[in-house]
Amino acid sequence: MNQVQRFPPDRNMADFHQRLRQLRTARKITQTRVAELLGVSPRVYTRWENGDATPLFATVVRIADILDVSLDELAGRKETNGDVHIHNPELHRLYKKVDQLSDEDQKALLIVLDSLVKRSKVGRVLAEL
């Protein structure tokens, strides 16, 4: 006899929309941006977060990738780490691939990032004057 694994009684897919909103807001990504990354209209995405509709499983997998969480975390079966360091999902995706670069390319990337961060700091200081 096949046994079906069920969600714990305190967590179920009915809470999916709340978990989706929580994870998205923790990463400081707008609904519009997630919808854009998924290739759906913001209205459709909003319906998912409001609990008025549920995305297809393939879309749930893509949402987990965008939010950089496991399916278990997205479904509420496992708590998320909470350590979100890069809020831009595209930048986070590229960040994960940095180790694949050569040492020379990594050094070049460090120089570029350092200069951008310094330029941003200078811009903020000048804006305060």
Side-chain angles (χ1 to χ4, degrees):
M1 189 181 281
N2 289 340
Q3 290 186 352
V4 177
Q5 184 176 3
R6 305 226 182 258
F7 286 100
D10 59 334
R11 292 195 174 129
N12 58 50
M13 283 305 288
D15 299 329
F16 173 78
H17 68 285
Q18 296 166 338
R19 188 74 169 174
L20 180 58
R21 180 181 306 267
Q22 173 193 19
L23 291 168
R24 177 190 55 78
T25 57
R27 283 147 180 78
K28 299 180 182 170
I29 304 172
T30 66
Q31 288 182 339
T32 302
R33 183 65 180 139
V34 175
E36 180 181 286
L37 292 168
L38 290 169
V40 300
S41 76
R43 182 177 174 190
V44 168
Y45 182 83
T46 299
R47 293 187 70 220
W48 296 338
E49 276 199 10
N50 289 339
D52 297 330
T54 305
L56 297 173
F57 182 73
T59 304
V60 172
V61 171
R62 290 181 57 214
I63 291 170
D65 288 342
I66 289 168
L67 298 178
D68 194 33
V69 296
S70 69
L71 290 173
D72 281 341
E73 290 168 319
L74 185 56
R77 294 180 59 181
K78 178 181 173 190
E79 289 302 316
T80 58
N81 181 343
D83 292 337
V84 180
H85 300 288
I86 299 177
H87 301 294
N88 180 313
E90 291 176 46
L91 186 57
H92 187 79
R93 180 183 59 78
L94 290 172
Y95 162 76
K96 290 178 172 181
K97 296 181 178 183
V98 168
D99 280 338
Q100 297 171 3
L101 297 174
S102 68
D103 288 346
E104 184 179 310
D105 287 345
Q106 287 184 23
K107 287 177 186 176
L109 181 59
L110 285 171
I111 292 168
V112 170
L113 288 174
D114 186 54
S115 66
L116 289 172
V117 169
K118 286 178 181 174
R119 186 179 78 181
S120 176
K121 286 180 183 178
V122 168
R124 279 182 271 170
V125 168
L126 291 175
E128 291 177 6
L129 296 177

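Atom CG in Asp68 sits 8.5 Å away from atom CD in Glu73 (nearest 0.5 Å). Rounded to the nearest 0.5 Å, atoms CG (Leu74) and CD (Gln22) are 10.5 Å apart. The CZ atom of Arg77 sits 5.0 Å away from atom CG of Asp72, with the distance rounded to the nearest 0.5 Å. Here the OG1-CH2 distance, from Thr54 to Trp48, works out to 10.0 Å after rounding to the nearest 0.5 Å.
At least one side-chain heavy atom of Leu20 sits under 4.5 Å from a side-chain heavy atom of Leu67. Contact check for Gln18 versus Asp15: side-chain heavy atoms found under the 4.5 Å cut-off. Contact of the Tyr45 side chain with the Pro55 side chain is not registered, since no non-hydrogen atoms from C-beta on lie closer than 4.5 Å.
A donor-acceptor contact shorter than 3.5 Å is absent between the side chain of Arg19 and the backbone of Ala75. Remark: side-chain polar atoms of Arg47 are not paired, donor with acceptor, to backbone N or O of Ala53 under 3.5 angstrom.
Residue Leu94 is not grouped with residue Val34 when hydrophobic side chains (ILVMFWY) are merged at heavy-atom distances under 4.5 angstrom, including chains of intermediate members. A continuous path of ILVMFWY side-chain contacts below 4.5 Å connects Ile66 to Phe57, so both sit in one hydrophobic cluster.
Minimum interatomic distance between Ala64 and Leu71 (heavy atoms only, all atoms of both residues): CB-CD2, 3.9 Å.
Of the residues Val69, Leu37, Leu38, Leu23, the one that meets the side chain to side chain contact (heavy atoms under 4.5 Å, CB included) test with Ile63 is Leu38.
Here Arg24 pairs with Glu49 under the side-chain hydrogen bond (donor to acceptor under 3.5 Å, both in side chains) rule; sequence neighbours left out. Scored by the side-chain hydrogen bond (donor to acceptor under 3.5 Å, both in side chains) test, Thr46 finds Gln31 as partners (sequence neighbours excluded). Under the side-chain hydrogen bond (donor to acceptor under 3.5 Å, both in side chains) criterion, Ser120 pairs with Arg124, not counting sequence neighbours.
At a threshold of 4.0 Å, the pair Asp114-Lys118 counts as salt-bridged, since one of the basic side-chain nitrogens sits closer than that to a carboxylate oxygen.
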